[in-house]
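Notes follow the structure.
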Amino acid sequence: RRRREVRGGRRRGSPGPSPLTGSLPQALVDDTEDVSLDFGSEEELALRKAKIRYPLATFFHLFFRVSAIITYLFCDWFSNSFVACFVTILLLLSFDFWSVKNVTGRLLVGLRWWNQIDEDGKSHWVFEAKRVPTIAASTEAEARIFWLGLIICPVIWTVFFFSTLFSLKLKWLALVIAGISLQTANLYGYIHCKLGGQKSISRVTSRLFVTADVPKRQTRRISEDRIEEHGKTGTR
């Protein structure tokens, strides 16, 4: 009977948790806590190092400006007409200016600049940098192609300018000056877009500080005026 009771007590009674078995579930719970795995950064780096995402925009970013340079160098081989060469190169430079300013800069590096006229008739230059997450940002290959094409081509046209002066080919001087001015304008605008973010932030903060100081100055003036009035009434 005693054996049966002991056995029954063991069956019926709930065995108390041993220190080993009681600590295992807690350790498992501690080990299975939520851990933030940074998979997004790897995807963003892979996208930035990926190949070109806008091949058509990248192609036309280089096509018009390289075609203008090649036409300027070898136009005598294709045609003896100076007017035809002049108009063709000028059209290529104009297409390049429009495409870089309005299309390729916005797609490849997320930058844009333009001139707008307000209601008073004053012109204002606006330089914008797109604030997007890094996933939608431009890839490294696109950014390199954009900036290399934007910087190297004006340097080439500057070399053409000195070569026309030294060789006394003054009939090409106006065309070379047009090429320098159009491509330097884009370079100047996009450099301002790239570096204008910090300047705009500093301007905004300075304006905020100025507007914050205005009510303080007004309250100081009002308090000083009241003190002066009380002093005058007291003397009277």
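The chain is numbered in sequence order, starting from 1. Excluded from the calculations below are hydrogen atoms, water molecules and symmetry mates; all remaining heavy atoms, backbone and side chain alike, are included.
Scanning for side-chain contact (heavy atoms from CB on, under 4.5 Å) contacts around I180 gives W157, T158, F161, V176, T184, with sequence neighbours left out. Judged as a side-chain contact (heavy atoms from CB on, under 4.5 Å), and not counting sequence neighbours, the contacts of I117 are N115, S123. Residues satisfying the side-chain contact (heavy atoms from CB on, under 4.5 Å) criterion with V159, sequence neighbours excluded, are absent altogether. Residues satisfying the side-chain contact (heavy atoms from CB on, under 4.5 Å) test with V126, not counting sequence neighbours, are W114, Q116, E128.
Linking ILVMFWY side-chain heavy atoms closer than 4.5 Å, directly or via other members, places L175 and F160 in a single hydrophobic cluster. W98 and L56 fall into different hydrophobic clusters, defined by Ile, Leu, Val, Met, Phe, Trp and Tyr side-chain heavy atoms under 4.5 Å apart, directly or through other members. A continuous path of Ile, Leu, Val, Met, Phe, Trp and Tyr side chains, each step under 4.5 Å between heavy atoms, connects V103 with W147, placing both in one hydrophobic cluster. Hydrophobic clustering (side-chain heavy atoms under 4.5 Å, transitive across Ile, Leu, Val, Met, Phe, Trp, Tyr) keeps F97 apart from F63. A single hydrophobic cluster is seen to contain both L195 and I151, as judged by linkage of ILVMFWY side chains at heavy-atom distances under 4.5 Å, directly or through other members.
Residues V109 and E142 fail the side-chain proximity criterion, which asks for heavy atoms closer than 4.5 Å. Between S163 and F166 the shortest side-chain heavy-atom distance does not fall below 4.5 Å. A heavy-atom distance below 4.5 Å is found between the side chains of L108 and Y54. L170 is not listed as a side-chain neighbour of T164, based on a closest heavy-atom distance of 4.5 Å or more. In this structure, T104 and T58 have side chains that are not in contact, with every pair of non-hydrogen atoms separated by 4.5 Å or more.
Here the side chain of Y190 pairs no donor or acceptor atom with the backbone of W113 at under 3.5 angstrom.
Closest heavy-atom contact between P154 and L187: CG-CD2, 4.5 Å. Across all non-hydrogen atoms, the minimal contact from G189 to F127 is O-CD2, 3.4 Å. Q183 approaches L93 most closely through the heavy-atom pair NE2-CD2, 3.7 Å. Here the closest heavy-atom approach between residue L62 and residue G149 is recorded as CD2-CA, 4.0 Å.
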Could you go through residues 69-87 and list every donor-acceptor pair under 3.5 Å that involves a side-chain atom there, pairing it with any protein atom two or more places apart or in another chain?
from : atom 1 : to  : atom 2 : distance (Å)
T71  : OG1    : S67 : O      : 2.6
S79  : OG     : S81 : N      : 3.1
S81  : OG     : A84 : N      : 3.3

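Residue pairs satisfying the salt bridge (charged side-chain N to carboxylate O under 4.0 Å, His left out) criterion with at least one member in residues 81-110, sequence neighbours excluded, are listed as follows: R65-D96.
Rounded to the nearest 0.5 angstrom, C193 SG and Y188 OH are separated by 11.0 Å. In this structure, the separation between CZ on F146 and OG1 on T139 is 13.0 Å, given to the nearest 0.5 Å. Within the model, atoms CG of L111 and CG of N186 stand 11.5 Å from one another, a figure rounded to the nearest 0.5 Å. A distance of 11.5 Å separates OG of S94 from CD1 of I89, quoted to the nearest 0.5 Å. Interatomic distance, I52 CD1 to F59 CZ, rounded to the nearest 0.5 Å: 12.0 Å. Atoms CG and CD1, on L182 and I177 in that order, are 12.0 Å from each other to the nearest 0.5 Å.
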